[in-house]
Chemist: 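Questions regarding the structure given below will be posed in turn.
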Amino acid sequence: MDDNEPLKIAEGIYWVGVVDWNLRDFHGYETPKGGSYNAYLIIDEKIALIDTVKATFSEEMLKRIKKIVDPSKIDYVISNHVEMDHSGSLPVIMEEAPNATLVASAKGKAGLGEHYKEDGCENWNFQVVKTGDEISLGKRTLMFIEATMLHWPDSMQTYLKEDKILFSNDAFGQHIATSKRFDDEVEDVMEDAAIYYANILLPFSPQVLKYMKKLGELGLGTDMTIAPAHGVIWRKNPAKVIEAYARWAKGETSPKVLVIYDSMWGSTEKMAMEIVEGVRSAGVEVRLRHLRKNDWSMTMKEVMESPVIAIGSPTMNNRMFYTISGFLTYVAGLRPKGKKYFLFGSYGWGGGAVKGMEKEMESARFELVEESLQVKYRPYEDDLEKCRAVGQKLAEIAKEEAKY
Ligand code: FEO
């Protein structure tokens, strides 16, 4: 396939997005598999472009569009979301398609006005839409659905009624770079969708539940195709990702314990290993994540899915280790609900790691389920026995707390 070849996803409907193979950091979210920015072109009596791509990829998107149609013939540019990974190429497109109507939510119009003051946005012909509004393209109809906080206040989605395709923008996305375009063509897509939810949408879970209710009221269900703005298109079995969103938004977990830690000279690591052994011996699944050796985005997915979390840190300069403080701040911002936790760590003289973690955890509103454990210099057998016992206790709590 020509690199600039668009991909036909249905009659008259084309993917004209870009794959960002080298993306490894999406505004602080680690993306070891890369990413993509999906834009879609619909050819009918009227021509519509749904979303654009990051500004650095404008020319690549434009080349794909030109393989199908002269961009000056585009009638509608739908901007589902202001964030720059989707709106970044609007200035280029609106210059190429000066007669196009730019369709956005009310907050979308306001946000685009703030972002593109120096790009001639005062000359853009805006049409503001709200949930249920429709635009006819001829044989096809676009309907708009406001999707507040999925993932910004301005976010909306576009539903192509006759083809039953939901252009869901950020919702139902995955950060992966692949030459494949459909969910049934790639492996691990549910895991990638879970990582994406945990790192992007988790804090907005109450809004996700409201949005799911709205989809039901609009009669949109599992018989549609979902074409997100990141990753692959859900054509085979959209029910699985819709049902997973409901579970993640409700905070449902499976019976497992997550042990997160860092270590300087191995003392905290020995404690972590014994906690793992305690959980394992009680017959419960356990995951161990060293924060300097694992992606935080994957670790965040484990946080989302685990009812019980043990966190260990060595003391460095009277404080918790920097990866632990950074990660706890990251977790607190993503606001997972209903987690139980236990803290452990080591120190040489002054201490401070466990105290610092306790303070940080207050803001995360997790529930402490076992008194913190700390050792001086190195753990001996009696300390390690305590760690194993704690692991067994955490395993029992995980069994009680898990919701599926
Ligand atoms: Fe993919 Fe909220 O931007």
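When a ligand or atom number is given, it counts from 1 through the structure's own listing order. Scope of the values below: all heavy atoms of this structure, side chains included, with no hydrogens, waters or symmetry mates. Being a predicted model, the structure only gives us computed values, none of them experimental.
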Chemist: Please find the N/O/S atom of D85 nearest to atom 1 (Fe) of ligand 1 and write down its name.
Modeler: OD2
Chemist: State, to the nearest 10 degrees, the angle whose vertex is atom 2 (Fe) of ligand 1 and whose arms point to NE2 of H81 and ND1 of H151.
Modeler: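 My answer is 110°, to the nearest 10°.
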Chemist: When you check the gap from the basic side-chain N to the acidic O, do R287 and E305 get nearer than 4.0 Å?
Modeler: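 Salt bridge absent between R287 and E305.
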Chemist: What I want to find out is whether E243 reaches K240 closely enough, with some N-O distance under 4.0 Å, to be called a salt bridge.
Modeler: no
Chemist: Is the shortest distance from a Lys or Arg side-chain nitrogen in E274 or K270 to a carboxylate oxygen in the other one below 4.0 Å?
Modeler: no
Chemist: Taking atom 2 (Fe) of ligand 1 as the reference point, name the nearest N/O/S atom of E83.
Modeler: OE1
Chemist: To the nearest 10°, what's the angle at atom 1 (Fe) of ligand 1 between atoms NE2 (H230) and NE2 (H86)?
Modeler: 90°
Chemist: For a quick check under 3.5 Å, do E146 and T131 share a side-chain donor-acceptor pair by atom type?
Modeler: yes
Chemist: Does any N, O or S atom in D170 come within less than 2.8 Å of atom 1 (Fe) of ligand 1?
Modeler: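 Under 2.8 Å: D170 contacts atom 1 (Fe) of ligand 1 through an N, O or S atom.
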Chemist: Between E59 and K63, does at least one N-O distance fall below 4.0 Å, as a salt bridge requires?
Modeler: no
